[in-house]
Every structure is written in C-alpha cells, then in structure tokens.
Protein chains: 2
Amino acid sequence: MLGKTSEYAIRALVYVYIQNLEGKRPGFKEIAKKIDSPEQFTAKVLQNLTRAKLISSMKGRGGGFFFDHPATPLTLYEIIRVVEGEVFFSKCGFGLKRCDSENPCPLHEDYSPVREGFLKAVKNQTIQALANKINERKAVLTRL
Amino acid sequence: MLGKTSEYAIRALVYVYIQNLEGKRPGFKEIAKKIDSPEQFTAKVLQNLTRAKLISSMKGRGGGFFFDHPATPLTLYEIIRVVEGEVFFSKCGFGLKRCDSENPCPLHEDYSPVREGFLKAVKNQTIQALANKINERKAVLTRL
DNA sequence: ATATAAAAAGACATGTATATCTTTTTATAA
DNA sequence: TTATAAAAAGATATACATGTCTTTTTATAT
Ligand code: FES
Ligand code: FES
C-alpha cells in the first residue's frame with residue numbers, strides 16, 4: 001500500500017514524538033536504529049519532513065529532531081500527502097487517468113469504498129495516538 | 001495501490017474476454033491500443049499471464065489471446081496474486097516484517113479492516129463481471 | 001514449399017524508489 | 001577560539017518497475 005519512504009516517515013515521527021515526551025531530541029542515527037530503517041536514507045526522509053514543516057530540527061551539539069507543537073495532532077494523512085503526493089488518495093484502481101464516479105471504471109463501485117476507508121483511517125489516525133498505543137504497550141514499534 | 005503491471009493485466013484480460021464473446025482472439029497490438037497501454041510492455045504482461053495459465057494464446061496467422069474456459073470466473077485476486085505476489089495481501093501497513101494481530105503495530109486496528117475490505121473486493125470481482133459492466137454501458141474500459 | 005502473421009524470447013533502455021557515501025553548514029561545549 | 005557533534009546537502013550507487021527493440025519460433029494461408 002504505502003511506499004517504504006512513508007513507512008519510515010511514520011515510524012520515525014512516532015519515535016521522535018515518544019522521545020520528545022521524555023524531553024529528548026533524537027538524531028537520525030538513533031531513530032534509524034530504533035525503527036529498524038537504513039540510517040542515511042532515514043536522514044533524507046527526516047530532512048524532507050523538516051522542509052515540509054511537519055517536524056523541526058536543530059543542528060550542532062545536542063541537536064536532533066522534535067515537534068514544535070507536540071499537542072497539535074499530526075494525522076497520517078498529512079504525512080502521506082507530503083511523501084506520496086495528493087493524487088495517492090484519488091487514483092483510479094483500474095488505472096484510468098482519473099477516477100470519475102459519473103463515468104466510472106468497472107472497479108469503481110467496489111474499489112472506491114475501500115479507498116475511502118483508507119482515507120478515513122489515515123485522516124483519523126495521528127502520530128500522537130499511535131505513540132500512545134506504544135507507550136501503553138498495546139502495540140509495537142518494530143518487529144524482529 | 002496496484003502497480004501498472006496489474007492494471008494493464010486486468011484491463012487487458014477484460015478486453016480479451018469481451019472480444020472472445022464476439023468469437024475473436026485479439027493480439028497484443030490491438031489490446032494495447034484498446035486499453036491505452038504500451039504495446040511491447042503489454043505483450044510481456046500477456047506473456048506472463050499465459051505462462052501462469054490465466055489465459056491462453058495461439059501463435060501464427062489468426063493467433064491471439066483467449067480464455068480456454070470463459071465460463072470459469074477469474075477473480076482479480078488470482079490475477080493480482082500472479083502479478084504482485086501473495087504477500088501483497090498481508091503486508092503490515094506500518095512496514096513491520098509481518099502483520100501479526102496477536103502482537104500488532106499501532107496501525108493494525110485501523111489498517112487491517114481496510115486491507116481485508118480490499119481483499120474481499122478483489123476476491124469477489126471477476127473479469128467476467130467487469131466485462132459485463134462495460135458491455136452494459138455501466139462502466140468504461142478507458143478514459144481520454 | 002513459401003510467404004505471412006502472430007506470439008515468444010532475449011537484449012537493452014529508461015525511470016523511480018531506495019540506499020549509501022562524502023562534504024558542508026551550523027550549533028554547542030570546552 | 002577551537003574542537004566536537006549534529007543536521008543539511010550533494011553526489012553517487014543499486015534495485016526494481018516500467019518500457020522498447022530485435023530476433024526467433026510457430027501456426028496458417030497461399
Ligand atoms: S473510475 Fe476507477 S476507481 Fe473510480
Ligand atoms: S501488524 Fe501492522 S497491519 Fe497488522
């Protein structure tokens with residue numbers, strides 16, 4: 001479904017948020033280790049998220065990544081939009097140039113509800129909520 | 001969601017089925033033109049579908065692609081499984097190595113129903129049903 | 001038999017996502 | 001002010017999906 005870049009982005013942000021709660025600002029090496037992702041590639045992903053203002057960073061000693069406004073909910077939708085692009089949410093499942101319910105492809109009737117379900121899920125899920133599940137031991141951040 | 005290869009595969013099979021109903025066996029050039037896909041790449045896709053026995057082909061004059069048993073429903077699930085591989089249907093949405101509802105990622109609760117909805121849709125939809133929608137002018141095969 | 005038409009096969013090319021390596025910039029600590 | 005630590009940036013590499021070109025095989029029509 002999502003590309004690896006989006007997966008790393010979401011996992012990285014969850015980890016950063018959890019660390020921020022402890023008053024820490026993790027760097028990309030620590031993040032990559034904890035979310036089991038390639039170090040340098042994760043640095044690039046975080047760089048893009050920083051450019052897109054989804055997260056902030058500080059250079060130099062004691063630097064790292066952090067949320068400027070940790071209380072403001074960050075939805076997965078906003079992250080995926082930045083990483084994959086807006087069209088990701090409206091693509092025709094049959095491969096036509098656009099999805100058009102007035103002139104649908106033969107998959108539209110069955111596919112568009114699935115796509116809307118996905119959209120609803122990522123618009124309602126936030127980094128904060130995912131992080132809480134992990135802190136409450138209701139979910140895991142990585143798997144062996 | 002699906003890769004272009006799967007999209008071409010599904011559209012191509014729908015077109016072949018429709019033509020078979022008219023007693024014709026289209027070749028890859030005609031198919032590619034009608035489903036708006038790259039000619040040679042479509043040939044490769046059809047070659048793979050033939051190898052996987054989802055469709056049959058005949059070489060030489062008057063040859064082309066056709067269904068051996070047009071009445072046997074062919075689900076999109078079977079096509080996607082051949083093209084994208086079985087794991088496509090069970091991937092963890094958070095990017096963990098496996099999806100495990102006993103030890104879930106924080107997205108599992110919201111993501112797995114979407115994934116199951118997709119699975120159900122492609123297991124219930126068939127090439128025959130899609131083709132019928134097009135023949136009944138309830139859906140289109142291509143878009144400008 | 002020969003010419004023709006078509007898929008199959010193999011080789012090659014391009015594009016995009018993913019991944020790594022090196023150098024530069026910037027902030028902090030000593 | 002110098003050394004150090006960290007992100008940013010740039011260049012390069014690899015893998016895989018996508019796409020094209022050429023040659024071979026095979027069936028049919030003449
Ligand atoms: S037209 Fe294809 S999914 Fe809407
Ligand atoms: S464990 Fe991640 S989707 Fe099931």
Side-chain angles (χ1 to χ4, degrees), chain A residues 1-13 15-16 19-20 24-33 35-68 80 82-85 87-88 91 95, chain B residues 1-13 15-16 19-20 24-33 35-68 80 82-85 87-88 91 95:
Chain A
M1 176 75 83
L2 296 172
K4 294 194 190 190
T5 305
S6 292
E7 292 173 352
Y8 297 157
I10 294 170
R11 297 217 302 277
L13 290 174
Y15 180 72
V16 170
Q19 290 309 109
N20 285 181
K24 297 177 200 153
R25 287 191 301 241
F28 71 85
K29 289 179 192 175
E30 175 187 344
I31 295 168
K33 194 162 298 175
I35 70 169
D36 188 27
S37 63
E39 213 171 73
Q40 296 292 327
F41 189 71
T42 302
K44 292 297 190 193
V45 172
L46 287 162
Q47 215 174 286
N48 289 336
L49 297 175
T50 303
R51 260 199 287 264
K53 311 274 191 198
L54 297 187
I55 201 175
S56 296
S57 69
M58 282 184 63
K59 286 185 176 184
R61 269 201 187 210
F65 296 89
F66 62 96
F67 287 88
D68 247 319
I80 296 169
V82 160
V83 176
E84 311 268 354
V87 292
F88 190 82
K91 257 196 62 160
Chain B
M1 175 73 84
L2 295 173
K4 295 196 189 191
T5 305
S6 292
E7 292 174 352
Y8 297 155
I10 294 169
R11 298 217 301 278
L13 290 174
Y15 180 73
V16 170
Q19 290 309 109
N20 284 182
K24 298 178 201 151
R25 285 191 302 240
F28 71 86
K29 290 177 191 175
E30 174 186 344
I31 296 168
K33 195 162 296 175
I35 70 170
D36 187 29
S37 63
E39 211 172 77
Q40 296 293 327
F41 189 70
T42 303
K44 291 297 189 190
V45 172
L46 287 163
Q47 215 174 288
N48 289 336
L49 297 175
T50 303
R51 260 199 287 265
K53 311 274 191 198
L54 296 189
I55 201 176
S56 296
S57 69
M58 281 185 62
K59 288 185 176 183
R61 267 198 188 215
F65 296 89
F66 61 97
F67 287 87
D68 246 318
I80 297 168
V82 161
V83 177
E84 312 268 355
V87 291
F88 190 83
K91 255 197 61 161

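Chain letters run A, B, ... following the sequence lines, proteins first, then strands; residues in each count from 1.
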Q: Starting from the 5' end of DNA chain C, give me the residue, B:Ile31 or B:Arg61, whose nearest nucleotide shows up first.
A: B:Arg61
Q: How close do A:Glu30 and A:Tyr15 get, counting heavy atoms only, and between which atoms?
A: OE2-OH, 2.5 Å
Q: List in chain and number order the residues that pass ring-ring contact (aromatic ring centres under 6.0 Å, His included) with A:Phe67, two or more places apart in sequence or in another chain; answer none if no residue qualifies.
A: A:Tyr17
Q: Residues in side chain to side chain donor-acceptor pair (under 3.5 Å) with B:Ser6, at least two apart?
A: B:Glu84
Q: Can you measure A:Glu39 atom CD to C:dT18 atom C1' for me and round it to whole angstrom units?
A: 16 Å
Q: For A:Lys44, enumerate each residue passing the salt bridge (Lys or Arg N to Asp or Glu O under 4.0 Å) test, keeping only those at least two apart in sequence or located in another chain.
A: none
Q: In terms of the nearest nucleotide of DNA chain C, which residue is placed more toward the 5' end: B:Ser57 or A:Met58?
A: B:Ser57
Q: With a strict under 4.0 Å distance from non-hydrogen atoms of chain B, what nucleotide opens and what nucleotide closes the contacted stretch of DNA chain D, reading 5' to 3'?
A: D:dT18 to D:dA29
Q: Tell me, please, which residues at least two apart from A:Glu7 pass salt bridge (Lys or Arg N to Asp or Glu O under 4.0 Å).
A: B:Lys91
Q: Who pairs with A:Ser37 by side-chain contact (heavy atoms from CB on, under 4.5 Å), at least two apart in sequence or on another chain?
A: A:Tyr8, A:Ala32, A:Ile35, A:Thr42
Q: Which residues in residues 43-56 of chain A have at least one heavy atom lying under 4.0 Å from any atom of DNA chain C?
A: A:Lys44
Q: Quickly work out the B:Phe28 CZ to C:dA9 C1' distance and round it to whole Å.
A: 12 Å
Q: Hey, which sits more toward the 5' end of DNA chain D by its nearest nucleotide, A:Lys59 or B:Ser6?
A: A:Lys59
Q: Does A:Gln19 have any side chain to side chain donor-acceptor pair (under 3.5 Å) partners at least two apart in sequence or in another chain, and if so, which?
A: none
Q: Between C1' on C:dT20 and NZ on A:Lys29, what's the gap in Å once rounded to a whole number?
A: 13 Å
Q: Could you list all the ring pair (Phe, Tyr, Trp, His ring centres under 6.0 Å) pairs where at least one residue sits in residues 44-63 of chain A, not counting sequence neighbours?
A: none
Q: What does the list of N/O pairs under 3.5 Å between the protein and nucleotides 14-16 of chain C look like, with a distance for each?
A:
none

Q: What side-chain donor-acceptor pairs closer than 3.5 Å can you find for residues 50-64 of chain A, not counting sequence neighbours?
A:
from: A:Thr50; atom 1: OG1; to: A:Leu46; atom 2: O; distance (Å): 2.7
from: A:Arg51; atom 1: NH2; to: A:Asn48; atom 2: OD1; distance (Å): 2.9
from: A:Ser56; atom 1: OG; to: A:Asp68; atom 2: OD2; distance (Å): 2.7

Q: With A:Lys29, which residues qualify under side-chain contact (heavy atoms from CB on, under 4.5 Å), at least two apart?
A: A:Glu39
Q: Taking the side chain as everything from C-beta on, heavy atoms only, tell me whether B:Phe66 gets closer than 4.5 Å to B:Lys24.
A: no
